[in-house]
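Presented below is the structure to which this report refers.
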Amino acid sequence: MCGIVGYIGDKRCRQNVFQGLTRLEYRGYDSAGFVCIDSNHNHFAFHKEAGGVDPLARVINETKFDGTIGMGHTRWATHGVVDQANSHPHFNCKKSIAIVHNGIIEGYEHLREKLINEGHEFYSTTDTEVIAHLFGTILPQHDTIKNALIELVSQLHGAFSFVLILEDHPDQLILVRHRSPLVIGVGNNEMFVASDFLAFSDKTDNIVFMPDDSFAILRKDGIELYSFDGKPLEITTEIIEAKFIDIDKQQFEHYMLKEIYDQKRSITRTVSFYRVMGSCTDRAFSQISASFNNHKSTEYSDSIWRQLSLSKAQINSLTQINLVAAGSSWHAARIAQFFFETICKIPTRIHLSSEFRYMPFFADKNSIFIMVSQSGETADTLEALRLINSFEISTIALTNVPTSSMVREASGFLPMQAGPEISVASTKAFSTQVATLYWFANRLALERGDITPEQMHEAEEDLFIAAEVLEAAIEIHKLRITQELAKKYAQYDRFIFLGRHISYPFAMEAALKLKEISYIFAQCYPAGELKHGPIALIDDKTPIVIFSVLDDLIYRKIISNAHEVKARNGHLIVFAFEGQDDLIKLADCAFVIPKITPLLAPLAMTGLMQFFVYHITRELDRPIDKPRHLAKSVTVE
Ligand code: F6R
């Protein structure tokens, strides 16, 4: 992961780099660093700090060094502990080459050992530092920087993008990209570089997405772009007008809480958008919403299929749907499996992205693959997408970021209208994914003639109701949670989460949410599996949280599982629906919410579950929006 920012131009670089770093902290916040060629003495000046961009800025603000070429880095640690030494930038022995890097150099241990045997001294335990030392040995052996770079990249393996500054060449910024993103912003006598163009989106709209396996030599007024074997590449400049929106927390203590409350709007907005499919700009959205509110017809436009590059013949001959995702997005996909199999009656497989690439792949032209990802940048999912693309099978990116790599590389795009999600733990992205997939399953069923336009319309109404219930459920239980329950449950060291059928993947999401923000250990099981072993864990120190369903048969089974817990004096927390008295009366603590259409039961419980977890965590005084060891965009495998 990690975020890279660089600048070369007529102006001073420091402010540009820091602004970019702050915007890229979602890529990691273990440590941060800044380096430039100081205009006062024409040598490197740098500083790096463990912790995020703020601690670095505090220290650097006490110094004055600055220059017209510089770069910064915000780190998510892969190789080497989180400390100052392992923070970027790194240098070669002579301190004539500085590097910031995103990605992983595979097999770097051998290169490092070889370099140490040749007399190089290392200051960190990172894979990155190897590149600086290696380039330090390669550069003098070549007549041009370009030729030295050809040799450098031939010795590196893994997925990486990095930027180099050579102290002896202060007019050039060197960029290398292999499977990790790097973009160039072209300004007026200045160039910007970053892992994500949002870092400099208010400075220029002229963007060059570096192609994979390319390197560039950047001057303030020109770009040389080469393939890894040194062939000059054509430079394609795209005009991208998206702006970084500095999202305000409003009255909320944390972004996570704000985003929990954003969910009703995110879902409603997304469904409205699809209902009258159009462009996803804000201006277009207000027109769409206005027309949606007056929309009484049950005619559905075909524009969705053009957007997804799917023909009618393909839709009718579909024999399998696949969803590929990681983390919370994988949980959303697991919930959606019930939608596609129940509503469209199409066999649906859910793949964990990190495993997908390494399993046998059976290419089936009658299948589609939906890549589910909030960021659209998750390396595991992106690599899976590239593999599927190589078989020329239809791929759809369902993401929250229209400019992401997945959207550029998939054959179709299902946009979510959740708005930027800042808090690292996914909340509104998760619920909007679930809502979008429910809408899409119905739309597919309509196209294949499995449901009527009236049923489609009802499905949309059900989504609006689910969004209402999601928020209402929080309001119903807000006081109890904030005044009593959060304090009580923050005292436990471990929890077990149980779900059955469609509530099982939801229980997995709940366990993940608790683990990642509170650091309380949580384990999730299908409720029916309890008796096959985990039941031995039941004691009075381990609350068991059960999520109910609205399917009557499954609900009865859940009651039996709750009895199994109570028979062993387990402490039972139940999320149930109105009227489910048999389950509610077994609970030590029950959250009861209004009933809804059965397939949307998880969506209705989402806000309340997140709110409960949020307040337990708040009691423990954890850094809720930036939990330890995590990053918002996971761009390493
Ligand atoms: C958990 C969380 C992660 C992400 C996962 C995939 O709250 O946010 O588990 O869901 O890293 O990320 P995306 O959805 O961006 O592909």
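Both counts, for ligands and for their atoms, begin at 1 and track the order of listing.
Note on ring orientation: taking the six-membered ring where Trp is involved, the planes of F252 and Y261 are parallel (angle under 30°, cut-offs 30° and 60°). The aromatic rings of F339 and Y438 sit perpendicular to each other, their planes meeting at more than 60°, with 30° as the lower class boundary.
Contacts with ligand 1 closer than 4.0 Å are made by no heavy atom of T399, backbone or side chain. With a 4.0 Å heavy-atom cut-off, ligand 1 is reached by no atom of E377.
Atom 5 (C) of ligand 1 has A326 O, 3.7 Å as its closest protein atom, hydrogens excluded (heavy atom only). With hydrogens left out, the protein atom closest to atom 14 (O) of ligand 1 is S329 OG, 2.5 Å, a heavy atom.
The local environment of CD in Q251 is crowded, with over 12 non-hydrogen atoms from other residues, nucleotides or ligands closer than 6.0 Å. Annotation for K487: atom NZ does not count as buried by contact number, only 12 or fewer foreign heavy atoms lying within 6.0 Å. Counting heavy atoms of neighbouring residues, nucleotides and ligands inside a 6.0 Å radius, atom CZ of R618 does not exceed 12 of them.
Judged by a 6.0 Å distance limit and a 45° cone about the ring axis, R443 is not positioned over the six-membered ring of Y274.
Ionic pairing of R334 and E509 is not present here: no N-O contact between side-chain nitrogen and carboxylate oxygen is shorter than 4.0 angstrom.
Between D380 and ligand 1 there is no heavy-atom distance shorter than 4.0 Å. Look at K513 and you'll find a heavy atom under 4.0 Å from some atom of ligand 1. Using 4.0 Å as the threshold, V634 has a heavy atom nearer than that to some atom of ligand 1.
Considering backbone and side-chain atoms alike, S373 places an N or O below 3.5 Å from some N or O of ligand 1. Ligand 1 has a nitrogen or oxygen under 3.5 angstrom from a nitrogen or oxygen of S328.
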